[in-house]
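Reminder, nothing fancy here: chain letters follow the sequence lines and each chain counts from 1. What you see below is based on every heavy atom in this structure, not just the backbone, and it leaves out hydrogens, waters and symmetry mates. Quantities reported herein were computed from a predicted structural model and do not represent experimental measurements.
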Number of protein chains: 4
Amino acid sequence: MSVTKPSIKKQSLDEGAAKDRRAELLAAAAGVFVDKGFHDSKVSDIVAAAGVAQGTFYLYFKTKADVLLQLVDDCCQDIIGTLSACSQVKADCRDPEQLRESNVAFLVDLFSLLENKHQAIKVVLSGQTGVDPAVDKALGGLKSALVEISKANLEAGMASGIIRKLDSAIVAEAVVGMIYHIAFERFVLGRRLGVNIRQLAEELVDFELNGIGK
Amino acid sequence: MSVTKPSIKKQSLDEGAAKDRRAELLAAAAGVFVDKGFHDSKVSDIVAAAGVAQGTFYLYFKTKADVLLQLVDDCCQDIIGTLSACSQVKADCRDPEQLRESNVAFLVDLFSLLENKHQAIKVVLSGQTGVDPAVDKALGGLKSALVEISKANLEAGMASGIIRKLDSAIVAEAVVGMIYHIAFERFVLGRRLGVNIRQLAEELVDFELNGIGK
Amino acid sequence: MSVTKPSIKKQSLDEGAAKDRRAELLAAAAGVFVDKGFHDSKVSDIVAAAGVAQGTFYLYFKTKADVLLQLVDDCCQDIIGTLSACSQVKADCRDPEQLRESNVAFLVDLFSLLENKHQAIKVVLSGQTGVDPAVDKALGGLKSALVEISKANLEAGMASGIIRKLDSAIVAEAVVGMIYHIAFERFVLGRRLGVNIRQLAEELVDFELNGIGK
Amino acid sequence: MSVTKPSIKKQSLDEGAAKDRRAELLAAAAGVFVDKGFHDSKVSDIVAAAGVAQGTFYLYFKTKADVLLQLVDDCCQDIIGTLSACSQVKADCRDPEQLRESNVAFLVDLFSLLENKHQAIKVVLSGQTGVDPAVDKALGGLKSALVEISKANLEAGMASGIIRKLDSAIVAEAVVGMIYHIAFERFVLGRRLGVNIRQLAEELVDFELNGIGK
DNA sequence: AATGAATGAGCTTTCATTCAT
DNA sequence: TATGAATGAAAGCTCATTCAT
């Protein structure tokens, strides 16, 4: 009785192994994509990096574009999920200092998240556009989500009188563009601009709240 | 002997024809690149769009990447040249209203320039990265130039006391990120956000100068 | 545990199969090269002759020139190896009759070897020059080797007094030119001149030893 | 009356010019073929070397192979013509010394002729085989002519008792192979083997008449 | 005769994907 | 599940040749 049920254990091991394989391939793909870009990355590069045979790739992914999609999709979902949670807090703040703090906290959370995503985030931020409609959709979804969060916060702030009257659609796009660009510089190109994440967030929020004028 | 110089006319006609061919191919390539992205654009698509034979392409461009490079390089050089000229004015302004006006004028100039670049600018803003080091360099050069202009203006403003103390490196990147993103939305994706160029510039400058706070 | 080593068998089978494929392609290429010459031979001709797909060719050879190189190199190495062994004998001979016999034996060995090389030797003797420096080197190496063997034998013969005084460099070249030409006529063009290999060798050695004079 | 016939003078000038053009192109082609081999020589290389436009080439030659053919054909005809004349003398000689001298004279004539052919002979001796049946025929014709001359002389010598009994077909081929090879080494590769043309001819004739034996 | 821009057929080579083992 | 040899469609690029000027 004890020996005759290896199948369950085996299966769970296999499942674990299978998940590992998939994760290994995803990680290998992310690394290769970052190094060479999607189009110059060969499936043979990915399997070489993962240490498996060519055919094994197709046990886990339908096509080469599919692995990019899964990479980007996983990453975007994860970010969107985390940020939606964070952003709830901001809506409530009443005074400027609270607004500042919640904004800084939001950016610190975001940047920390991106930092922990290592390679995957580089793939996302590099904007591998035009590879596959589904990838475009996932990338667009992340950006839209950020714009929506930003826009909602701006409008809430305007409603509560803590933010001046402005065109929330335009300013939300501007804020997201700013964040994307800074994130790209730091997490893809590695230009840290001589500050840590908190200092970076504070400087950006100062700019966002007060502008450059005296 | 006195009047007729047909050789000159002939030469200029020939030169004109040659330039037209090259220009036709560049325009056709821009259109195809915008439609399909560089990697999915075939040389056969470009020559079909230009109405010439396959081999004709290679009379004007060394490789497929070369046409992208020339497109991007021409466009970037042009923008950098124009903007360097505009930006001289800003350095002198003394009072906030003048600062606002010169900034708005700068953005209106930039956006008008981009609008007139039609397809080429879409190629530039789409950031066809990783195709060719020379293309990367040209795109990077444009961005650096914008950051430098922005940074220099911030520092001049701080020196003359019209701009508050801030980290010019970070804010310059933030401003450029904002502009790039807005330009991408409007000139590549065609999202006009319900405003014309001047209104867009004014809203962005208001945000840049005053932030979102009250 | 004691007897079955299926892995070894499997490996040798696989290796055998891989070698067969490569050998099939080499043979097919040799045939096509002989028929059409290197430059008029298309990779598509070779794979058609071998009965495999176009891509399969590139699993075994880096380029079209590579298959020629391997063909020529294999063949030249083989001939050089065999001849170096044969030629040792000649150095020792003391009397004219022995000299004649060892020379005849050498030529019979050489011609037999060439006859067994079938197509490959035709490629070598056709002197596909200028295709690739490596091919030129291999072909040049074979000829140099033959000249060296010939020269060394002449000098040994002169030293032992069995051969008259002559310019060994010139005569060695002359002898090799003679052999190459005869071999080309017989093994590439198929002109047998009404004799078998031994008769051919004897006639040539008579000429080499005694000239045409009475 | 005096001025109205410029056409004749013009025409003859043009004819001269036309011949020059053709000769210039032939010379340019010979140089390029020697440098790169026929297949790696572009028509654009030839016209560049001749300093004329691409289209001009096709005023004088039907195809790229045609220029090779004319080059080879001209050269071969010239050699065959000269040698047929020379060889008449040999047939008459009665004693060994006369035989030796006429053979040496023949080789000196041949080598001098080849030396004066400069580039063209390199093209001929390089054996650009398989390019065009007509070229093959011309090259084959030259070799056959040499073999025929050699064979006829051998047979004449045998008939007159000055040459020993031998297989004239085989020995003629051997002699021609020897001459071709030596000529290739000297006039294509430039290996002079430390002798001038007369010394070379004498050494070869010694070998031909007496062999290597004592 | 001379030009040289234009042509387009045709080649080599790559690489995502499949499938028998 | 894992393998990796085999596939074959597809695309970039070359270059001999043409032809309007």
Worksheet item: Could you state the interatomic distance from CD (Q128(B)) to OG1 (T129(A)), rounded to the nearest 0.5 Å?
Response: 8.5 Å
Item to complete: Find the distance F57(C):CZ to dC15(E):P and express it as a whole number of Å.
Response: 17 Å
Response to the item:
Side-chain atoms of L59(A) come closest, of dT7(E), dT13(E), dT1(F), to dT1(F)
Practice prompt. First locate atom SG of C75(C), then atom CG of L26(C), and finally report the distance between them rounded to the nearest 0.5 Å.
Written response: 11.0 Å
Fill in: From CZ (F33(D)) to CD1 (I46(D)), nearest 0.5 Å
4.0 Å
Worksheet item: Of the nucleotides dG8(E), dG4(F), dA6(F), which one has an atom closest to the side chain of Q54(A)?
Response: dG4(F)
Worksheet item: Is the phosphate of dA5(F), meaning OP1 or OP2, less than 4.0 Å from a side-chain N or O of R21(C)?
Response: no
Item to complete: Rounded to the nearest angstrom, tell me the gap between atom CD in E24(B) and atom P in dA5(E).
Response: 15 Å
Discussion item. Output the rounded distance in Å from CZ (R22(B)) to C1' (dA5(E)).
Written reply: 16 Å
Fill in: T56(D) vs dT3(E): side-chain N/O to OP1/OP2 distance below 4.0 Å
yes
Fill in: H39(D) NE2 - dA16(F) C1' separation (whole Å)
13 Å
Fill in: Residue mapping more 5' on DNA chain F - nearest nucleotide basis, A65(B) or G55(A)
G55(A)
Fill in: L68(C) vs D132(C), side-chain contact (heavy atoms from CB on, under 4.5 Å): CA-CA, chis, key distance, verdict
CA-CA 9 Å; L68(C) 176 64; D132(C) 187 283; over 6 Å; no
Response to the item:
Students should find that the end-to-end axis angle of the helix from dA2(E)-dT21(F) to dT21(E)-dA2(F), with five pairs defining each axis and rounding to 10 degrees, is 10°
Discussion item. If you assign V52(D) and S44(C) each to the DNA chain E nucleotide with the nearest heavy atom, which residue ends up on the more 5' nucleotide?
Written reply: V52(D)
Worksheet entry | Euclidean distance, atom CG of residue L25(B) to atom P of dA6(E) [Å, nearest integer] | 9 Å
Worksheet entry | Whole-Å distance separating the NZ atom of K42(D) from the C1' atom of dT17(F) | 15 Å
Practice prompt. Please report, rounded to the nearest Å, how far the P atom of dA16(F) is from the CG atom of D40(D).
Written response: 11 Å
Item to complete: Would you please confirm or rule out a distance under 4.0 Å between OP1 or OP2 of dT17(E) and any side-chain N or O of Y58(A)?
Response: yes
Worksheet item: To the nearest angstrom, how far is K64(D) atom NZ from dT18(F) atom C1'?
Response: 17 Å
Response to the item:
Output for pair (K64(D) NZ, L69(D) CG), nearest 0.5 Å, gives 14.0 Å
Worksheet item: From K36(A) NZ over to D45(A) CG, what is the distance, rounded to the nearest 0.5 angstrom?
Response: 3.5 Å
Discussion item. Evaluate V188(D) against S126(D) for side-chain contact (heavy atoms from CB on, under 4.5 Å), listing each step before the verdict.
Written reply: CA-CA 7 Å; V188(D) 178; S126(D) 298; 4.1 Å; yes
Practice prompt. Output yes when at least one side-chain N/O atom of Y60(B) is less than 4.0 Å from OP1 or OP2 of dA6(E), else no.
Written response: yes
